[in-house]
2 protein chains.
Amino acid sequence: MHSFTEENYLKAIYALTQKSEGSPDGSPVSLSGASSDPLPVNTNAIAERVATKAASVTDMLKKLADKQLIHYQKYQGVTLTETGRKAALNIIRRHRLWEVFLVDKLGFGWHEVHSLAEELEHIRSDELIDKLEAFLGNPQVDPHGDPIPDHAGQVRHPVSQTLSVTEAGQTVVVTGVLEHSSSFLQYLEKIGLVLNAEVLMRELNQFDKSLFIRINHQSDTFISHEVARNVLVSGKG
Amino acid sequence: MHSFTEENYLKAIYALTQKSEGSPDGSPVSLSGASSDPLPVNTNAIAERVATKAASVTDMLKKLADKQLIHYQKYQGVTLTETGRKAALNIIRRHRLWEVFLVDKLGFGWHEVHSLAEELEHIRSDELIDKLEAFLGNPQVDPHGDPIPDHAGQVRHPVSQTLSVTEAGQTVVVTGVLEHSSSFLQYLEKIGLVLNAEVLMRELNQFDKSLFIRINHQSDTFISHEVARNVLVSGKG
DNA sequence: ATATTTTTTTAGACTAGCCTAAAATGAACC
DNA sequence: GGTTCATTTTAGGCTAGTCTAAAAAAATAT
Ligand SMILES: [Mn+2]
Ligand SMILES: [Mn+2]
Ligand SMILES: [Mn+2]
Ligand SMILES: [Mn+2]
């Protein structure tokens, strides 16, 4: 169907479309169905994302447009067609299911799995993915808390907010991360701020917005605003 | 390290090297350490195996020779270097471990897994493969009875013979197949001639060498010589 | 409104892997 | 020995994906 490379471009365009949405301050967002028409994505942004040069991106955009996977007009940026969006979500579905496999079954850490899944996602066999999904027990989210799109390309974006906007006295549960870098994930693991950890917000420092929190009724920990605004939480329930 | 394509060529050359050994009549063979120097493999044979043209093979042979993976002299055929042999065995190791995963964990039939493993084998991460191996319980053979090379490229070729040379009255156990086509495997499954099935040789028809056998103390079945000489067995024990 | 800067596209070239057609070599036959 | 046939290699060309450098368009600044 589509090449390895085409799939990576589609995924990049989808991810950039998503990034341009979402509230900048971290307050709750439903994020359900990509509300209105998404903003067009820039050539340069895609180039950075797929680690190539703008000229190469332009070439590929022409090809994807020919295949009706994107809407593209010179100099005007690019958006996914419905077909393109479905294709992208299918790749993301495969990526996240493999990540669950690597963490739950093979025992990898959540900071180690991204690049492996980046390769595994390109093995395109619906039967394989469906069987894998069943074997994993139909997980709803990947090891980073990101939702796994279903067969039809439906995504359940869970309603959540960043830890940085939580108020003192509140208890919340970690549901995901906004930053996926290996070093950030390793740091979170070290302080115990992992998926499903319970967090009691004890104090919010007005000056630098740093936080004093208690994790899982045990460890009192200081974290910076920079960390807090990259951790997603939802009200205990 | 090596590309997808290079890996497929290495595997093809290794397989053809193996094929040129082994006794033609099906009698027991140890097959342990590729006894003496293997016969050189022809360009045309490789071309057929990787489904390409001889001219393309010649191009690739030059590249593999540059990389010291094969011994190659124009018109003289080709053999693997020690490095090349290790690389090939490593790919085979990955292929067979993925096949075990697909059959044992995901529930695929033994006739369905080859082409999927053909893609999965190219995801090269030693850590992934070691963890997969442990997760599968360190299997010694793949779903077709073929041995899984270890880390260092050692293969335990089990001593076995074809069902066609078994004598009347003997009881043997199915340990593998020589033919891996999907239709053959499906046929074997239908008649119950699967891995570890116990076979009592009841009668050997002198005229056409067809066999009358009892499978697992239950079903009496006729099979042709053509089938019998593609099924590997070893003495019950 | 013009000039400057940034972004994007075009032009032309490169590599990996593949092809067909033609030339070279080796094996088989007489 | 020489002739014929099969195998292998070379020559030249194609596509996908990449690159650099230059041209074109859009955005920004004065
Ligand atoms: Mn990828
Ligand atoms: Mn993830
Ligand atoms: Mn392969
Ligand atoms: Mn196998």
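Labels below follow one simple rule: chain letters A, B, ... track the order of the sequence lines, proteins then strands, and each chain is numbered from 1. Every heavy atom of this structure was used, including side-chain atoms; hydrogens, water molecules and symmetry mates were not.
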Contacts of type side chain to side chain donor-acceptor pair (under 3.5 Å), residue [X], not counting sequence neighbours:
X: Glu127(B); answer: Lys131(B)
X: Arg229(A); answer: Glu226(A)
X: Asn90(A); answer: Arg94(A)
X: Asn8(B); answer: His122(B)

Find the distance Lys53(B):NZ to dC19(C):P and express it as a whole number of Å. 6 Å
How close or far is atom P of dC18(C) from atom CD of Glu6(B), stated in whole angstroms? 10 Å
Contact state string [nucleotides 4-13 of chain C, B base, S sugar-phosphate only, - no protein heavy atom under 4.0 Å]: ---SBBB---
Looking just at side-chain N and O atoms, do His144(B) and His114(B) make a donor-acceptor pair shorter than 3.5 Å? no
So Tyr9(A), base contact, sugar-phosphate only, or nothing? Heavy-atom distance under 4.0 Å. sugar-phosphate
dC19(C) phosphate, OP1 or OP2, under 4.0 Å from Thr52(B) side-chain N/O: yes
List the residues meeting salt bridge (charged side-chain N to carboxylate O under 4.0 Å, His left out) with Glu6(A), not counting sequence neighbours, and say none if there are none. Lys67(A)
